[in-house]
Amino acid sequence: MAVETNTESREKSLNFLEEIIEESIAKGEKRIQTRFPPEPNGYLHIGHAKSICINFGLAKKYGGKCNLRFDDTNPVKEDVEYVDSIKRDIKWLGFDWAIERYASDYFDQLYDWAVELIKKGLAYVDDQTQEQIRENRGTVSVPGTPSPWRDRTPEENLDLFVRMKNGEFPDGSKVLRAKIDMAHPNMLFRDPIMYRIIHAEHHRTGNKWCIYPMYDYAHGQSDSIEQITHSICTLEFDVHRPLYDWFIQALDIFPSHQYEFARLNLTYTMMSKRKLLKLVQEGAVMGWDDPRMPTICALRRKGYTPASVRNFAEMVGVAKRDNVIDLGKLEYCVREDLNKVAERRMAVLNPLKVVITNYDEGKTELFEAVNNPENEAAGTRKVPFSREIYIERDDFMENPPKKFFRLQPGGEVRLRYSYLIKCEEVVKDAEGNIIELRCTYDPMSGDGSSSDGRRVKGVIHWVSVKDAVEAEVRLFNPLFTKENPDDVEEGQTWEDNLNPDSMVKVTGYLEPSLLEIPVGQAVQFERVGYFCPDTDTTPEHPVFNRTVTLKDSWAKINK
RNA sequence: UGAGCUGUGGUGUAAUGGUAACACAGCAGAUUUUGGUUCUGUCGUUCCAGGUUCGAGUCCUGGCAGCUCAACCA
């Protein structure tokens, strides 16, 4: 008799975008085409990483393609600095685009289409001031009032629009508007602006144009030109979708369709480009790639791996509900990856000197240490041991609480990869501060055993004083003190929630082999956390960043 | 309060009319030369009120709550 088993792996459930794509494939769609459309006006952050993973991931999963398109319709905000960084970040994440395009590549086509809409009587040139346009738009509960210029003839509109393009009018004096419905319940339909006059140099088209299309007039058509089948964006654009469809229908061009998902939010940080830019400009951080920033380049500099970020994007899922992801989940993802791939080293960040009184002065031994217990292929290395070593101050307590396994007066611990030592004497300065420990070692214990078979619970890391390499170590903490940085008291701003201890610099004493680690590659400082050499590092002045701490269940018990 | 979107543990995401599941976090324990890793156990949830149905997180009706939209930003 056949016994039904549940062991076969259950098919992973689809997210709503995958369902939409599978439905369209079922209806006969032969080709899946997505696109990632950043505006080059800032650096990409972890929220963009989610979008990148979705757009490129969906294309890959369904055998389609994903374009990279820069939404560069506003020359005063955009710069090549940003396009370069965006391309670098996407590649670092492990994705490659089918083709690279710019909305500005389509300026001619967009202009021709605008002329077409004018001729159809669907667009007009408005001479109202910005203030008048705003006032006449009405509000969510009050209909707008039509512009006095709304009924110009197509001939007159065409003449004016051509002259706008030719630079006859100053910035702000005229706009081209779609003629839809000034009383429409969707505010976006109250004669949306298609073109505005901006006499500014564009990073790609130079001074060819002085009129630039608005997002709503450019985005859908750009998708259409590239024959995007699934135009995926974040939720706040959902009210734009009817307008997106309106232009495509009015122009009778390839019908791309827009779908929206909820953007990513993370506790203790923020994704607002405007606010991040402010932090950079005001020097609150070292730059866009300051490891405290939520940007992709910052995560890279901090020691995050592309796989960990991709896995994070996968783990948070895709849906339409507003969400705030616990920062701990991102940290879980790096730890999970780094645990497998990062080599282990020893480093002491808050040193306490230990003199091993029964060990020969001037003698050095090399102990073999495993590079990565999770990966035997990573091999081993030699770590120098001598009479004077540094241990972590936290690994000694004169009056320890219960369950403290580390060093204490008269107590014994294992030095990782090395001997058992016993604390014989605590040396203090005039103020009573502990400045040194005097210990003895068990000469029979170097191979992991002990002279009489006794077992010792505590294992601590250490570094030989005379062999230690000094380095600046930067300990990063959340950028903000509140889960939601925008949660402010009366009279305060989000900047008052900046964490004054978001970066703590200390001097670390490192095992010498740490000097060989390349910039950006994370290693585990055993029992402490994951760290990588910073871009500021030099042979004379090594600098390490803390990527993330190790989980620390003792810290919890001890609290 | 006009329109649109969304409501499932502490946080995310599933369940597509049929036992509310998975991950993170938390708690307890086992293993461990990292108080790491790994393993085991455990906690706890369908916004509310009606209705349809043998059966509702899912369908219907009505509420309530949150978010988005009134830039010549994207």
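Chain letters run A, B, ... following the sequence lines, proteins first and then strands; every chain starts at 1.
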Can you check whether S553(A) has a side-chain N or O nearer than 4.0 Å to OP1 or OP2 of G36(B)?
yes
Quick one: is R196(A) getting a side-chain N or O under 4.0 Å of the C73(B) phosphate, OP1 or OP2?
yes
Of G35(B), G12(B), U37(B), the nucleotide closest to the side chain of R406(A) is G35(B)
Could you tell me whether the side chains of E168(A) and N166(A) share a donor-acceptor contact shorter than 3.5 Å?
no
Looking at H184(A) and A70(B), is any side-chain donor or acceptor paired with a base atom of the opposite kind under 3.5 Å?
no
Among all residues two or more places apart in sequence or in another chain, which pass the side chain to side chain contact (heavy atoms under 4.5 Å, CB included) test with A313(A)?
C53(A)
Counting side-chain heavy atoms from CB outward, which of A74(B), C69(B), G35(B) is closest to F237(A)?
A74(B)
Enumerate the salt bridge (Lys or Arg N to Asp or Glu O under 4.0 Å) contacts for residues 338-352 of chain A, please, sequence neighbours excluded, ordered by first and then second residue.
E343(A)-R345(A)
Would you kindly say whether D442(A) and S451(A) are connected by a side-chain donor-acceptor distance under 3.5 Å?
yes
Can you tell me if R527(A) touches the phosphate of G35(B), counting only side-chain N or O atoms and a distance under 4.0 Å to OP1 or OP2?
yes
For nucleotides 2-7 of chain B, 5' to 3', base contacts (B), sugar-phosphate-only contacts (S) and non-contacts (-) with protein non-hydrogen atoms under 4.0 Å give BSSSSS
Starting the side chain at C-beta, find the nucleotide from U34(B), G12(B), C72(B) nearest to R416(A).
U34(B)
Please list, pair by pair, any protein nitrogen or oxygen found under 3.5 Å from a nitrogen or oxygen in nucleotides 25-28 of chain B.
residue : atom : partner : partner atom : Å
G26(B)  : OP1  : K556(A) : NZ           : 2.7

Given a 3.5 Å cut-off on both pairing distances, which stems involving RNA chain B, each at least three consecutive Watson-Crick or G-U pairs, are present, if any?
B:2-7 with B:64-69, B:10-13 with B:21-24, B:26-30 with B:38-42, B:47-51 with B:59-63
Phosphate OP1/OP2 of C72(B) contacted by R137(A) side-chain N/O (<4.0 Å)
yes
Can you list the residues that meet the side chain to side chain contact (heavy atoms under 4.5 Å, CB included) rule with K551(A), with sequence neighbours excluded?
R335(A)
Look at the aromatic rings of Y390(A) and Y509(A) and report parallel, tilted or perpendicular, splitting at 30° and 60°.
tilted
Testing U34(B), A14(B), A74(B) for proximity to the side chain of N15(A), the answer is A14(B)
